[in-house]
A.B. asks: 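Submitted below is the structure of interest, expressed as structure tokens.
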Amino acid sequence: KMNTSLLRSFSFTALIGTAAAFAPAPVSRTASSLGLGMASAAADTFVRAWVSGERLGPDDFPPAPTSVDGLYETHLAIQVHPLVDSELGGLGGYKLGAIGGAGEPCIYAPLFRGFFVDERDNAQKMSTGAINLSAVEAEYGVVMGSDLPPRSDNGPYSAEEVWAAVDEVVLCIECCGKRGTPDAYAASTKLGSFADTLSSGGIVLGPRLSASTFEMDDLFGATKLFVNDEVVAEGSGANVPEGGPLQALTYLANHLNGRGLGLRQGELVATGQTCATKAFEVGDVVRATFGPLGEAKMVVAE
């Protein structure tokens with residue numbers, strides 16, 4: 001069950017960036033003193049920074065993973081951390097991005113359900129202070145209608161099988177956030193930066209469209225980002241990892257499968273940026289348009 005008092009303190013309903021008022025346990029400074037493995041210790045530091053809103057400097061930022069496997073061990077330790085369920089709404093799904101990062105086709109990371117904002121709720125707005133908002137991206141999201149569990153033989157899922165498990169396509173604005181300060185990232189590595197849940201923050205959920213109305217390859221359409229009705233970025237579904245939203249989703253399903261993990265009914269997957277911008281300020285209205293499919297809209301709050 002999501003902690004709604006935290007949701008208010010993180011500005012999604014109260015619209016003010018007062019995460020510090022939550023006053024959780026302090027961020028872990030010397031992770032090794034916890035007697036945890038490197039991934040668990042890093043996860044503890046990152047999750048407590050999520051909860052407190054405290055920014056991690058170079059001395060506090062967790063040591064970078066030394067491999068892609070170590071990166072995903074950190075992400076897994078984050079998504080199963082007890083504070084994620086009790087304070088951040090639990091695992092809500094995944095995001096994909098960083099095409100070519102660390103020599104991989106792309107990187108993915110967990111999303112937290114407590115940071116999903118429905119654009120239809122006028123009481124909810126995305127807060128710069130709550131997530132240290134750094135960029136916004138127009139994305140095709142999908143909601144799973146059925147599980148894609150890990151297979152005992154690790155055999156891959158086909159694109160047809162993956163698409164058959166999708167319930168809805170959601171037009172989204174991803175709001176990227178950071179737990180560290182700029183000098184913390186400068187002092188780390190790419191894997192260290194990716195460990196911070198690939199700069200996840202929140203997702204503004206626009207129109208939800210039944211997947212049954214689409215063919216598998218219908219999500220390559222043109223997209224645009226507007227700030228106060230001025231076009232600031234353009235792209236298409238072909239820009240996302242693996243060349244398309246379904247292709248990105250299939251990659252995710254099979255990578256999770258190879259790790260003994262899976263996608264679950266109700267989870268949201270943000271399939272990757274079609275276009276992005278950092279050119280916005282508090283009070284701006286941001287719109288992401290997806291051609292004839294519709295648009296998602298948000299107001300940037302403090």
Side-chain angles (χ1 to χ4, degrees), residues 91-101 105-113 115-120 124-126 131 133-144 162-163 166-178 194 197-209 211 214 216-227 231-253 263 266-280 285-300:
L91 177 66
Y94 297 90
K95 61 166 288 184
L96 294 101
I99 296 173
C106 64
I107 303 293
Y108 60 91
L111 295 169
F112 305 139
R113 197 172 297 277
F115 295 83
F116 294 172
V117 174
D118 191 328
E119 71 164 11
R120 296 171 298 181
Q124 294 187 331
K125 290 183 174 63
M126 190 60 67
I131 58 172
L133 181 63
S134 60
V136 295
E137 302 174 352
E139 303 206 13
Y140 290 97
V142 296
V143 176
M144 304 307 298
V162 171
W163 184 247
V166 173
D167 180 41
E168 293 179 317
V169 173
V170 187
L171 309 183
C172 298
I173 301 174
E174 184 189 354
C175 298
C176 301
K178 295 180 180 293
F194 294 159
T197 55
L198 199 61
S199 299
S200 66
I203 304 287
V204 175
L205 305 172
R208 296 170 175 261
L209 310 170
F214 293 87
M216 288 195 304
D217 293 327
D218 279 350
L219 302 180
F220 293 104
T223 62
K224 293 181 181 180
L225 274 171
F226 295 78
V227 175
V231 177
V232 294
E234 299 184 51
S236 77
N239 291 349
V240 311
E242 297 294 277
L246 172 59
Q247 291 76 7
L249 180 63
T250 302
Y251 174 85
L252 172 64
L263 289 166
E267 288 183 338
L268 170 76
V269 177
T271 59
Q273 71 167 39
T274 63
C275 57
T277 185
K278 298 181 179 180
F280 56 84
V285 176
V286 176
R287 288 191 298 124
T289 64
F290 298 81
L293 299 182
E295 66 178 40
K297 184 168 69 174
M298 63 174 280
V299 176
V300 182

A.B. asks: How long is the straight-line distance from OG1 of T277 back to NZ of K224, given to the nearest 0.5 Å?
C.D. replies: 15.0 Å
A.B. asks: Do F280 and V232 touch side chain to side chain, with heavy atoms closer than 4.5 Å?
C.D. replies: no
A.B. asks: Please name the pair of heavy atoms, one in G177 and one in S134, separated by the smallest distance, quoted to 0.1 Å.
C.D. replies: N-OG, 4.2 Å
A.B. asks: Is the backbone of G92 close enough, under 3.5 Å, to the side chain of E267 for a donor and an acceptor to pair up by distance?
C.D. replies: no
A.B. asks: Ignoring hydrogens, what is the shortest heavy-atom contact between L225 and A288? Give both atom names and the distance.
C.D. replies: CD2-CB, 3.8 Å
A.B. asks: Is it the case that the side chain of E119 and the backbone of K297 share a donor-acceptor pair, with hydrogens and angles ignored and the cut-off at 3.5 Å?
C.D. replies: yes
A.B. asks: Does the side chain of R208 come within less than 4.5 Å of V143's, by heavy atoms?
C.D. replies: yes
A.B. asks: For the pair N239 and E234, evaluate side-chain contact (heavy atoms from CB on, under 4.5 Å) and give the outcome as yes or no after the intermediate values.
C.D. replies: CA-CA 10 Å; N239 291 349; E234 299 184 51; over 6 Å; no
A.B. asks: Atom CZ in F116, atom CG in D118: separation rounded to 0.5 Å?
C.D. replies: 12.0 Å
A.B. asks: Side-chain contact, heavy-atom cut-off 4.5 Å: C175 with V204?
C.D. replies: yes
A.B. asks: Which atoms form the tightest heavy-atom contact between G201 and I131, and what is the distance?
C.D. replies: CA-CD1, 4.0 Å
A.B. asks: Closest heavy-atom contact between G237 and Y140?
C.D. replies: CA-CE1, 3.9 Å
A.B. asks: At what distance, to the nearest 0.5 angstrom, does CG of L219 lie from CG of L246?
C.D. replies: 7.5 Å
A.B. asks: Is any side-chain heavy atom of L198 closer than 4.5 Å to one of K95?
C.D. replies: yes
A.B. asks: Please tell me if the side chains of C106 and Y251 come closer than 4.5 Å, counting only heavy atoms from C-beta onward.
C.D. replies: yes
A.B. asks: Taking atom OH of Y94 and atom CE of M144, what is their separation to the nearest 0.5 Å?
C.D. replies: 11.5 Å
A.B. asks: Please give me the minimum heavy-atom distance between F290 and E295, naming the atom from each residue.
C.D. replies: CD1-CA, 4.3 Å
A.B. asks: Report the C-alpha distance between L96 and E242 in whole Å, list the side-chain angles of each, state the deciding distance to 0.1 Å, and finish with yes or no for side-chain contact (heavy atoms from CB on, under 4.5 Å).
C.D. replies: CA-CA 10 Å; L96 294 101; E242 297 294 277; over 6 Å; no
A.B. asks: Find out whether T223 and E137 are in side-chain contact, i.e. whether some heavy atom of one side chain is under 4.5 Å from a heavy atom of the other.
C.D. replies: no
A.B. asks: Look only at the side chain of T271 and the backbone of L249, and say whether a donor-acceptor pair between them is shorter than 3.5 Å.
C.D. replies: no
A.B. asks: Hey, could you give me the CZ/OG1 distance between F226 and T289, rounded to the nearest 0.5 Å?
C.D. replies: 4.5 Å
A.B. asks: Ignoring hydrogens, what is the shortest heavy-atom contact between V240 and A248? Give both atom names and the distance.
C.D. replies: CG2-CB, 4.4 Å
A.B. asks: For a 4.5 angstrom cut-off between non-hydrogen side-chain atoms, does Y108 reach V269?
C.D. replies: no
A.B. asks: Using 0.5 Å steps for rounding, measure from the CG atom of L268 to the CD atom of E168.
C.D. replies: 10.0 Å
A.B. asks: Within the structure provided, determine whether V286 and V300 are in side-chain contact (heavy-atom separation under 4.5 Å).
C.D. replies: yes
